[in-house]
There are 2 protein chains.
Amino acid sequence: MARLREFDYEQVLDGALQLFWRGGYEATSLDGLLSEVGLSKSSFYGAFGSKHDMLLASLDRYIETVLQANIDDLRRGSPRAAIIRSFEKILGFQPTSKTCFLQVCAIERGGHDQLVRMRVRRGLELLEEAYRDAIVRGQEAGQFAADADARVLSTFLVANLYGLQVLGRANMAGDARKKSLATIMKALA
Amino acid sequence: MARLREFDYEQVLDGALQLFWRGGYEATSLDGLLSEVGLSKSSFYGAFGSKHDMLLASLDRYIETVLQANIDDLRRGSPRAAIIRSFEKILGFQPTSKTCFLQVCAIERGGHDQLVRMRVRRGLELLEEAYRDAIVRGQEAGQFAADADARVLSTFLVANLYGLQVLGRANMAGDARKKSLATIMKALA
DNA sequence: CAAATTATGGACCATTCGGTCCATAATAGC
DNA sequence: GCTATTATGGACCGAATGGTCCATAATTTG
């Protein structure tokens, strides 16, 4: 019934996500974004609505791809090993590396952008639930203290995960940062 | 030998800090900032150099006032009580409240702005040292495990402090967040 | 093939961006 | 009071901002 779009919607969305992720929302110009992904303004506004709409779509996309992959990985193998694996991934990041996109959005826009805040919270909750599952399974397997509140421990893990990313972003205390994983795991047992 | 400036340098700097703190660097326009603090462009460029220079000055100012006050408070009273106090301050924050300015700068600019990253790291190190002092004093007083590496524990505390701020920014898990303080303190003992 | 519908390229828009410049005002030392 | 020096207000700048509009191209349905 009409002309077909010539670009791949998800491919463009992934490109936008990368740019917002690296540079943040405000610092990423629409013109720059469009030339990067090779899209005209008409096509962009026709398909995505606005820059802010695209941020929200990028955030959703991040949750259902990148974050979901991390969540899936938390279900693989021994709960204890999976948790350690998830932290080692973060700890191996280079100084100026990207932090989780949820964190970028939470800090840049969480204070005044309710639509962003709702999505960030949903993403964090999904991650927290995945950690909680891992902890419960670990408790059942005798890896962690069975009398502890799994909800509190999973929130504790998420907080540590994001806190370590902040320290990493500032290139701070690389050695102590890596050693803190032992402290974190000890708190579970 | 020349005309005197009519504005208070530190007062303007504090005003700029508040705006960068709330809104971030990119989203804070220079014109808006100047009208907010009531300063002309000439005076601004004469005294501060550029928007970016003012960000750096704001960051320095933050460290030597706000952060330093937090550090000073860590030295008051029982080490254990002081640490708990510092976390309760963060945990009492409202959903959309400000997070530490160091974190705002680390996330928005830490990835590509070396001058900012250096300052953020210095601030985080000062805070980490203050926690380390508190832990050492607590160890000497028998409040914490004496055989633990104070450096690792203090880094662990800083990570938790910033991680909890991220969760707070997203208005996530208020109850579990507050309960996690017990888990954190347990890791010290 | 015709009509209806959607996609595309790019010109165009007002506004805002950070920053410069200059004429004028105010102050200190002589 | 004169001179040197700095501060101030505001006009001005080119570039960039997010967003709109329209003529044209491509496609499906009838």
Side-chain angles (χ1 to χ4, degrees), chain A residues 1-61 104-105 108-109 112-116, chain B residues 1-61 104-105 108-109 112-116:
Chain A
M1 204 179 184
R3 183 174 175 174
L4 310 157
R5 67 169 44 133
E6 295 173 4
F7 65 92
D8 183 328
Y9 182 92
E10 294 195 333
Q11 187 176 319
V12 166
L13 196 50
D14 283 333
L17 167 58
Q18 294 299 327
L19 294 175
F20 285 141
W21 196 351
R22 250 182 274 272
Y25 177 71
E26 292 284 349
T28 300
S29 83
L30 191 55
D31 286 333
L33 190 158
L34 294 179
S35 70
E36 193 82 14
V37 301
L39 196 62
S40 79
K41 254 180 181 173
S42 311
S43 301
F44 170 77
Y45 278 99
F48 296 99
S50 73
K51 188 191 179 189
H52 187 255
D53 284 344
M54 178 163 242
L55 175 70
L56 299 179
S58 302
L59 201 33
D60 289 335
R61 176 86 175 152
V104 174
C105 290
E108 184 179 358
R109 304 197 59 79
H112 56 278
D113 187 330
Q114 201 189 348
L115 295 173
V116 164
Chain B
M1 204 184 184
R3 182 174 175 174
L4 310 157
R5 67 167 46 132
E6 295 171 5
F7 65 93
D8 183 326
Y9 182 92
E10 294 195 334
Q11 187 175 319
V12 166
L13 195 51
D14 282 333
L17 167 57
Q18 293 299 327
L19 293 175
F20 285 142
W21 195 351
R22 250 182 273 275
Y25 178 71
E26 292 283 351
T28 300
S29 83
L30 191 56
D31 287 332
L33 190 159
L34 294 179
S35 70
E36 194 83 13
V37 301
L39 196 63
S40 79
K41 257 183 177 170
S42 309
S43 301
F44 169 77
Y45 278 99
F48 296 99
S50 72
K51 188 190 178 189
H52 187 254
D53 284 344
M54 177 163 243
L55 175 70
L56 298 178
S58 303
L59 201 34
D60 290 335
R61 176 84 174 152
V104 174
C105 290
E108 184 179 359
R109 305 198 58 81
H112 56 279
D113 186 331
Q114 199 188 351
L115 294 172
V116 164

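We name chains A, B, ... by the order of the sequence lines, and we start the count at 1 in each one. As the structure is a computational prediction, the values presented were derived from the model and not from experiment.
- Under the ring-ring contact (aromatic ring centres under 6.0 Å, His included) criterion, Phe44(B) pairs with Phe48(B), sequence neighbours left out.
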Does the protein touch nucleotides 14-25 of chain C at the base, only the backbone, or not at all? Give it as B, S and - per nucleotide, heavy atoms under 4.0 Å.
---SBBBB---B
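- Listed by chain and residue number, Arg61(A) satisfy the side chain to side chain donor-acceptor pair (under 3.5 Å) test with Asp14(A) (two or more places apart in sequence, or in another chain).
- For the pair Leu34(B) CG and dT8(D) P, the interatomic distance rounds to 12 Å; values are reported in whole Å.
- The nearest pair of heavy atoms linking Val37(A) to Ala16(A) is CG1-N, 4.3 Å.
- With sequence neighbours excluded, no residue forms a side chain to side chain donor-acceptor pair (under 3.5 Å) with Asp8(A).
- Within the 4.0 Å cut-off from OP1 or OP2 of dT8(D), at least one side-chain nitrogen or oxygen of Ser43(B) is found.
- Regarding contacts with the backbone of dT8(D), every side-chain N or O of Ser40(B) stays at 4.0 angstrom or more from both OP1 and OP2.
- Rounded to a whole Å, the CG atom of Leu39(A) is 15 Å from the C1' atom of dG19(D).
- Rounded to an integer number of Å, the gap from CG of Leu4(B) to P of dT5(D) is 16 Å.
- Here dA7(D) presents its P atom at 12 Å from CZ of Phe48(B), a figure rounded to the nearest Å.
- Every pair passing side-chain hydrogen bond (donor to acceptor under 3.5 Å, both in side chains) that includes a residue from residues 33-46 of chain A is listed here, sequence neighbours excluded: Asp31(A)-Lys41(A), Ser40(A)-Ser43(A).
- Partners of Glu26(B) according to the side chain to side chain contact (heavy atoms under 4.5 Å, CB included) rule, which considers only residues two or more places apart in sequence or in another chain, are Glu26(A), Ala27(A), Glu108(B), Arg109(B).
- Look at CG on Asp8(A): it is 15 Å from C1' on dA7(C), rounded to the nearest Å.
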